[in-house]
Protein chains: 2
Amino acid sequence: MADTARRPENRYGNRPTMKDVAARAGVGLKTVSRVVNAEPGVTPETERRVQEAIDALGFRRNDSARVLRKGSTASIGLVLEDLADPFYGPLSRAVEETARAHGALLINGSSAEDPDREQELVLALCARRVDGLVIIPAGDDHRYLEPELRAGVATVFVDRPAGRIDADVVLSDSFGGARDGVAHLIAHGHRRIGFIGDMPRIHTSAERLRGYRAAMEDAGIPVEDAWMSLGVTDPERVRHAAEEMLTSPSPVTAIFAGNNRVTVTVVRVLDEQRRPVALVGFDDFELADLLRPGVTVVAQDAAQLGRTAAERLFRQLDGTLLTPERIELPTRLITRGSGELPPAD
Amino acid sequence: MADTARRPENRYGNRPTMKDVAARAGVGLKTVSRVVNAEPGVTPETERRVQEAIDALGFRRNDSARVLRKGSTASIGLVLEDLADPFYGPLSRAVEETARAHGALLINGSSAEDPDREQELVLALCARRVDGLVIIPAGDDHRYLEPELRAGVATVFVDRPAGRIDADVVLSDSFGGARDGVAHLIAHGHRRIGFIGDMPRIHTSAERLRGYRAAMEDAGIPVEDAWMSLGVTDPERVRHAAEEMLTSPSPVTAIFAGNNRVTVTVVRVLDEQRRPVALVGFDDFELADLLRPGVTVVAQDAAQLGRTAAERLFRQLDGTLLTPERIELPTRLITRGSGELPPAD
DNA sequence: CCCGCACCTGACAACGTTGTCCAGGCTCTA
DNA sequence: TAGAGCCTGGACAACGTTGTCAGGTGCGGG
């Protein structure tokens, strides 16, 4: 029974443990723990010896064991749709900053807009015992989270509401923003206005569509089916959809784009048109002001969204926040030219 | 001595453990473990009973304990400069995809270009016993990683090389790319060419500056100090620097921008100039083709950078990769107009 | 000079899981 | 029908850390 047989073969070689440090420093295990955690009650001389042994062995505390013992991981999970989407950059950054301010690490993953993958990710994070979750949901049924919520995992949904459970939600006012954006086009004389957006099963898309319809109805303009294109998001199909509504029997003179990916593609299409077509997009994007014409957008503050969510998360953890709420942040219309073009009939 | 006194007060309330599940199902602890891990040797009937208890209690395995026992966390760490920088979006996405393909989670953090913060983050990740690290370094001395490397933590540096240790590195060819970009301007007749870049202590910045100098030297053009602006990255100062070199005694007729943040600001400045000034930027960015003129760039493939790094990481973990290497990915010059403007003397 | 007190230090159990090992019951065959 | 072998299930230790508690030392005061 050689000593080597006692340790399981893992890929870490054999990292030194507190026990090893203690042996080398000629002190007890607990004393090492005290030094590592800067607890009081250790003679400077003893502390020096321990510190020396730590440096010599290259010891690093094993947080898994610590977590197991203490019950809190000081880490939070962030589940979003796509790390590479520029919209989520400032959002994750804000969540990370807040986490950092609370001494927590951030674990994150992309759901790729797939509800199953979202659930898989969230549950994996729960198994790691993250203290809290910030979720940009892909699915619309989150009852699978009920045991977690009961167990006290703090949870905040961002950008889209939770489905079938009662949880904190931080949103942008998609409905109001879209309505204002479309009303802006109407105010500039447009009546035939197109809408291109993502699948209505995504809450924000549905809300923006609703805003579009509301603005049109407020102005007493009947909406034609040919003006609306839903569930379209990849560049090829957005291009096709835009071209369709520009050449339909009653061609649109303006387009409202439901998110920034759509907006960017529409900009390309309009760039190729002979007659000017007005455009308002939901979501701001870098360089929108440098294009000719500048792109008028309904801007939402992604960083603020993330900050608000993360702060609520930590307030849940503090215990200073108890009842779930739904917070809606206002949007802001930024006029840059494309939304103020008159209709070219 | 109530039972409740036995459990430490943690924020998870009391989550059910395998022991609880076992008690409820009327089986042994290990049997539950077998069911949870889909190990063979459990009767369907027993499995059903256990599964029922799991669902009823909302049990979720505690991965901390599992990790402690097994030694591997199935997670990797990604340390980058700024989550919100669009350049890192595709990179993190690629790392995440690769991690996912290997069944690993991604933990990440931003160093904000601060070496201390980088070290702090990296060591925190090591304490969590991540299996591997992908690091976009902020500092230039990574000897603090030596104990970790010895302990077998797989490590790959991306975008910038490691300092004072021998480690895997995946880079873009900053020197060659910058040289080509500047040579492109020279080929279009420019001789007074400005360079605006980040601090030379950042490896990529230094390399790009070196590329600029090499191209100028190859063409026999002496470089004036007034044409170079280093360590400048925030919009205000970039603007100032650009304006300076455009109005100096020997004003530049073209600018080479050292990274995409600089490029974007320079675009704004040039947009306000009366005479046309040529521009080539390092790093591609969205919509560069839609500006007037389109912005000519030296493009690097961020996603490929991330994918290559992550794949090498997992090959290190497989044991199929043993000696550290330095890999340089080529860049690509994309001409769109701004780099082909003739000098306006 | 001795008692008590404060201050350090270390032994030990526990966190929740998995690997090892053994016991008991079953089936199948001789 | 008995023995061999297989299959299922459980008891137990160990992973590395931290909380509890008790022992030991040195010092000051009575």
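In what follows, every chain begins at residue 1, and chains take the letters A, B, ... in the order their sequences are listed.
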Integer-rounded Å distance: [N] [atom2] and [X] [atom1]:
X      : N      : atom1 : atom2 : result
B:R129 : D:dG16 : CZ    : P     : 9 Å
B:K19  : D:dC12 : NZ    : P     : 12 Å
A:K30  : C:dT9  : NZ    : C1'   : 11 Å
A:M18  : C:dT9  : CE    : P     : 16 Å
A:R34  : D:dC21 : CZ    : C1'   : 11 Å
B:R60  : C:dG16 : CZ    : P     : 16 Å
B:D20  : C:dG16 : CG    : C1'   : 10 Å
B:L29  : D:dG10 : CG    : P     : 10 Å

* Structure fact -> Residues in residues 39-46 of chain B with a heavy atom under 4.0 Å of DNA chain D, by number, are B:G41, B:V42, B:T43, B:T46
Does a side-chain N or O of [X] approach OP1 or OP2 of [N] to a distance below 4.0 Å, or not?
X     : N      : answer
A:S33 : D:dT17 : no
A:N37 : D:dT18 : yes
A:R69 : C:dA14 : no
A:T31 : C:dT9  : no

Categorize [X] for me: base, sugar-phosphate, or nothing, with a 4.0 angstrom heavy-atom threshold over every strand shown.
X     : value
A:V27 : sugar-phosphate
A:D63 : nothing
A:V67 : nothing

* To do: Check whether more than 12 heavy atoms from other residues, nucleotides or ligands sit under 6.0 Å from atom CG of A:D140, and answer yes or no.
  =>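 Not buried by this count: 12 neighbours or fewer within 6.0 Å.
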* Would you call A:E81 and B:R93 a salt bridge, using N to O less than 4.0 angstrom? -> no
* **B:E146/B:R164 ion pair, N-O < 4.0 Å** => no
* Asked: Picking from C:dG16, D:dT18, C:dT17, which would you name as closest to the side chain of B:R61?
  -> C:dT17
Is it true that the side chains of [X] and [Y] contain a donor and an acceptor less than 3.5 Å apart?
X      : Y      : value
B:T308 : B:Q304 : yes
B:D131 : B:T73  : yes
B:R48  : B:Q51  : no

* Less than 4.5 Å apart, any side-chain heavy atom of B:L149 and any of B:I165? -> yes
* Asked: In terms of the angle between their ring planes, are B:F157 and B:H142 parallel, tilted or perpendicular, with boundaries placed at 30° and 60°?
  ->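 Perpendicular: the ring planes of B:F157 and B:H142 meet at over 60°.
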* Asked: Can you tell which of B:L106, B:L105, B:T98, B:V153 makes a side chain to side chain contact (heavy atoms under 4.5 Å, CB included) with B:I76?
  -> B:L106
* Taking five pairs at each end of the helix from C:dC1-D:dG30 to C:dA30-D:dT1, what angle separates the two helix axes (nearest 10°)? ->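 One end's axis against the other's: 50°.
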* Does A:T46 reach the main-chain N or O of A:V42 with its side chain, forming a donor-acceptor pair under 3.5 Å? ->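 Flag not set: sc A:T46 to bb A:V42 has no pair under 3.5 Å.
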